[in-house]
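Beneath this line is the structure, given in structure tokens, with notes to follow.
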2 protein chains.
Amino acid sequence: MNKTKDTTTESNILNAAKHIFQQKGMMGARMQEIADKAGINKALLHYYFRSKQLLFEAVFKKAFSLLAPQLNEVINDDSSICEKIKNFSHNYISFVIKHPYLPNFILQELNRNPDFVQDLIKEKNFPNISKFKKQVNDKVADGTIRNIKAEQLFINIMALNIFPFVGAPLLKGFINIGDKEYNQLIEERKTAVADFIINAIKINK
Amino acid sequence: MNKTKDTTTESNILNAAKHIFQQKGMMGARMQEIADKAGINKALLHYYFRSKQLLFEAVFKKAFSLLAPQLNEVINDDSSICEKIKNFSHNYISFVIKHPYLPNFILQELNRNPDFVQDLIKEKNFPNISKFKKQVNDKVADGTIRNIKAEQLFINIMALNIFPFVGAPLLKGFINIGDKEYNQLIEERKTAVADFIINAIKINK
DNA sequence: AAATAGTTTAACCAAATGGTTAACAAATGT
DNA sequence: ACATTTGTTAACCATTTGGTTAAACTATTT
């Protein structure tokens, strides 16, 4: 169990950069601020990662690679659709509670530069939903679940799991509650989301 | 029918600024670029709106005021919960198809500066969900709909309607489709979202 | 037509920013 | 011990950026 937390300069930089980039985005981040947070000279950033762009890409890909395999794993195992929905929702929400900036960071930067998705697709472990799609189509055909396009169901699953994090400030305002109460709502969603989805697709016998 | 499209300098600036800010965010936007897009000198931006911050706030509040009343209206009218969900989903998705950058812009900037929500709440027409909340609680109590917290249902409605826009680049990658097919999916969601939600909450008789 | 107020511009400025250089220190190999 | 590579820093540089100024141009008023 290697818990040495990596105190090398390079991982110091990556950690500092992760914080700053996730909080302020690529455009809002300042190299000096990252250097300060890492406790090093600004020139050293360029020594390890030639440019801001390259440092950003390193941070972004690392962040993305934390989320993507998780989705891939659940969506491509051999369990039933209901199990997949339950597992994914629980795992994902638990994970993102510990990394609350992650979804917003990724969505923001992909919106800023949508072409970057093409790069990501090439990486191994990029999620592929074809198995899930077939599974849904089969279950719709044999009448186990309601008639729904696999793509729409997939979008719904992602929306219900991810949006509460990226929309947090807005939702807190609308619902008129503070951080503590909102976190409680999120906690409940670990199971509530799957229940909601399953109710939506299952056929009433 | 006043369709004069407002060709005053001030609204020229606001329009140009809207495009640039929505595409690049507050930090990514450059005053020079906004001036160029508006076809004027950069100094004129400061003549009309003292600073970048103030210009940004003007754009942001205008953008927000396009979305908020819409939500408020539907959520606070006298129709049934199902009607509200149908109306809101259809109206919202139709509207955002015409302004696809809007949701991402607002979410991104609220995440960058969450305290700004407090400002927005003070504005009149800021959405208030208390009526919706009572309505849901009543229907749960009398057994018309499944047991669900009004807040969770509200989050789900928002998530299913908004996320497909802010998550578009990512979802296109996951589903592995192009813009055209994705827009088709969004189009279907004008009705599919409400169906999904209603199935999720209605009791099977 | 002269004065006044409002609008627009070119030129400028100070600060911030990403990036570079050259010197210095610490490890590493021989 | 010495040389060479690797890691680190202070000082510097060119460019960009938000913002200012003073002059010019254009209504509007008197």
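Keep in mind the model is a prediction, meaning the values are calculated, not measured. Every chain is numbered from 1 and lettered A, B, ... according to where its sequence line falls, protein lines coming before strand lines.
Checked against a 6.0 Å centroid threshold, the rings of A/Phe126 and B/Phe174 count as neighbours. Between A/Phe21 and A/Phe56, the gap from one ring centroid to the other is short of 6.0 Å. The ring of B/Tyr92 has its center closer than 6.0 angstrom to the ring center of B/Phe88. For A/Phe116 and A/Phe60, the ring centers are positioned less than 6.0 Å apart.
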Requested in this report: Report the C-alpha separation of A/Asn156 and B/Arg189 in whole Å, then their side-chain angles, then the decisive distance to 0.1 Å, and conclude whether the side-chain hydrogen bond (donor to acceptor under 3.5 Å, both in side chains) test is met.
Outcome: CA-CA 10 Å; A/Asn156 293 349; B/Arg189 290 181 73 83; 2.7 Å; yes

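Distance B/Lys52 NZ to C/dA16 P: 15 Å, rounded to the nearest Å. Between the CG atom of B/Asn12 and the C1' atom of C/dT7 there is a distance of 14 Å, given to the nearest Å. The nearest whole Å value for the distance from the NZ atom in A/Lys24 to the C1' atom in C/dT17 is 14 Å. Rounded to whole angstrom, the span from the CG atom of A/Leu55 across to the P atom of C/dG18 amounts to 11 Å. At whole-Å resolution of the value, CG in A/Leu44 and C1' in C/dC24 are 14 Å apart. Rounded to a whole Å, the CZ atom of A/Phe21 is 12 Å from the C1' atom of C/dG18. The distance between atom NE2 of B/His46 and atom P of C/dG6, rounded to the nearest whole Å, is 21 Å. To the nearest angstrom, P of C/dG19 lies 9 Å from NZ of A/Lys42.
Ion pair B/Lys190/B/Asp195 not flagged as a salt bridge, since none of the NZ, NE, NH1 or NH2 atoms sits closer than 4.0 Å to an Asp/Glu carboxylate oxygen.
Residue-level contact check: A/Ala29 touches the backbone only, with heavy atoms under 4.0 Å from sugar-phosphate atoms and none from bases. Nucleic acid contact class of B/Tyr48 (heavy atoms, under 4.0 Å, all strands): sugar-phosphate only. Nucleic acid contact for B/Ile40: sugar-phosphate only, since backbone atoms but no base atoms lie under 4.0 Å from a heavy atom of the residue.
No donor-acceptor contact under 3.5 angstrom links the side chains of A/Asn128 and A/Lys131, judged on distance only. A donor and an acceptor atom, one from each side chain of A/Asn76 and A/Asn72, are located under 3.5 Å apart.
First and last contacts of DNA chain D with chain B, using any nucleotide atom under 4.0 Å from a protein heavy atom and ordered 5' to 3', fall at D/dT17 to D/dT21.
Contact annotation: B/Thr9 does not reach the phosphate of C/dT7 (side-chain N/O to OP1 or OP2, under 4.0 Å). Considering only side-chain N and O atoms, A/Arg30 lies nowhere under 4.0 angstrom from the phosphate OP1 or OP2 of C/dA16.
Comparing the local axis fitted to the first five base pairs of the helix from C/dA1-D/dT30 to C/dT30-D/dA1 with the one fitted to its last five gives a bend of 0°, rounded to 10°.
Once rounded to the nearest 0.5 Å, the distance linking CD1 of A/Ile145 with CG of B/Asn199 reads 11.5 Å.
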